Amino acid sequence: MITLQQIQDALDASDEITPRVAKLRPSAVLVPLVERDNGLHLLLTQRADHLRHHAGQISFPGGSMDDTDDDLIHTALRETEEEVGILQQHIDVLGKLPLQPTTTGFLIQPVVGVIPHDMELALSEDEVSDAFEAPLDFVCDPDNQIHSYREFGGRNYSIYSIPYEGWNIWGATASIIVKFSQLINHSAYIEKL
């Protein structure tokens, strides 16, 4: 079972630098962890069908950086509060994961944080149509991470999908989860040496 200490150790070992200015549009998501009796879970959302980018897809709470944001961590926290109603001060930020570029022109900074297990979500109907939790052990298991290629704009891209209880987690969200699991597994491997 993956623990918060394993996650913190892995994040502490990662020295990813987040640029404020990039060719791709800076954005951030929160990778929200929830402690449950049966282990850690990820909170995921389904984006509203009318959105311009990634409509209907499974994602983490997040969005583009605003000029008023201090940094991309602030972006992730602000967007989480706007989309699912979890107050910024109730999120315990653990660290950042490697940057995730998208084919649609975004450079995503994933921010890992712990949210209260007794939170009551207030979904923004403008942005989110649904939310659910998936066990971290399940989504981080390489046996549940399906790798394939997809054509976009005349190029083939490596993509992952993670089916879970009727949900299809794919694209940038699945890639973030795969990188997260690789970071945790690498850290656990190094610790064993």
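Just so it is clear, the model here is predicted, and its values are computed rather than measured. Counting from 1, the numbers follow the sequence of the chain as shown. Atom set for the values below is all heavy atoms of this structure, side chains included, hydrogens, waters and symmetry mates excluded.
- When side chains are defined from C-beta on, L107 counts as touching P101, because their heavy atoms get closer than 4.5 Å.
- With rounding to the nearest 0.5 Å, the separation of CD1 in I115 from NE2 in H41 is 11.5 Å.
- Atom CG of D118 has more than 12 heavy atoms from other residues, nucleotides or ligands within 6.0 Å.
- The distance from the NZ atom of K96 to the CG atom of D71 is 7.5 Å, given to the nearest 0.5 Å.
- In terms of hydrophobic clustering, with Ile, Leu, Val, Met, Phe, Trp and Tyr side chains grouped at heavy-atom distances under 4.5 Å, I176 and F132 are assigned to a common cluster.
- The backbone N or O of Y149 sits nowhere less than 3.5 Å from a side-chain atom of N156 that would complete a donor-acceptor pair.
- In the hydrophobic cluster analysis, where Ile, Leu, Val, Met, Phe, Trp and Tyr join through side-chain heavy atoms closer than 4.5 angstrom, I169 is grouped apart from I146.
- Side-chain atoms of T102 come within 3.5 Å of backbone atoms of F106 as a donor-acceptor pair (strictly under, hydrogens ignored).
- The aromatic rings of H147 and Y160 are tilted relative to each other, their planes meeting at an angle between 30° and 60°.
- Atom CD of E120 has 12 or fewer heavy atoms from other residues, nucleotides or ligands within 6.0 Å.
- Put simply, the side chain of D137 gets close to the backbone of I2: a donor and an acceptor are under 3.5 Å apart.
- Between V112 and L30 there is no side-chain heavy-atom pair separated by less than 4.5 Å.
- A distance of 6.5 Å separates CG of N38 from CE of M1, quoted to the nearest 0.5 Å.
- A side chain to side chain contact (heavy atoms under 4.5 Å, CB included) with T173 is found for exactly one of L42, V29, L44, namely L44.
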Tell me, with the steps shown, if I7 and L136 meet side-chain contact (heavy atoms from CB on, under 4.5 Å).
-> CA-CA 11 Å; I7 292 168; L136 189 62; 3.7 Å; yes

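- Rounding to the nearest 0.5 Å places CD of E35 at 9.5 Å from OG1 of T3.
- With salt bridges taken as basic N to acidic carboxylate O contacts below 4.0 Å, one links E82 and R78.
- Put simply, CD on E81 and CG on L87 are 5.0 Å apart, with the number rounded to the nearest 0.5 Å.
- Here the side chain of S175 pairs a donor or acceptor atom with the backbone of G171 at under 3.5 angstrom.
- In plain terms, the two heavy atoms of G113 and I91 that are nearest each other are CA-CG2, 4.3 Å.
- The closest side-chain heavy-atom distance from V84 to S124 is not below 4.5 Å.
- Counting heavy atoms from C-beta on, the side chains of V31 and F180 come closer than 4.5 Å.
- Between V34 and V114 there is no side-chain heavy-atom pair separated by less than 4.5 Å.
- Partner of T75 under the side-chain hydrogen bond (donor to acceptor under 3.5 Å, both in side chains) criterion, chosen from D69, D66, D70, T80: D69.
- Rounding to the nearest 0.5 angstrom, the gap separating the CD1 atom in I73 from the CE atom in M65 is 10.0 Å.
- Q100 contributes no side-chain N or O that, together with a main-chain N or O of P110, makes up a donor-acceptor pair within less than 3.5 Å.
- Pairing each heavy atom of P163 with each of N144, the nearest pair is CD-O, 3.9 Å.
- The side-chain heavy atoms of P32 and F60, taken from C-beta on, include a pair separated by under 4.5 Å.
- In terms of hydrophobic clustering, with Ile, Leu, Val, Met, Phe, Trp and Tyr side chains grouped at heavy-atom distances under 4.5 Å, I159 and V178 are assigned to different clusters.
- Of all heavy-atom pairs between R36 and M119, the closest is NH2-CE, 3.9 Å.
- Transitive grouping of hydrophobic side chains (ILVMFWY, heavy atoms separated by less than 4.5 Å) brings L43 and V93 into a common cluster.
- Without hydrogens or angle criteria, T45 side chain to S59 main chain gives a donor-acceptor distance under 3.5 Å.
- A side-chain donor-acceptor contact under 3.5 Å links K179 to the backbone of L99.
- Taking the side chain as every heavy atom from C-beta outward, F138 and D143 never approach each other to under 4.5 Å.
- When every heavy atom of V139 is checked against every heavy atom of I162, the shortest pair comes out as O-CD1, 3.8 Å.
- Q145 and S181 are linked by a side-chain donor-acceptor pair at a separation below 3.5 angstrom, with hydrogens and angles left out of the test.
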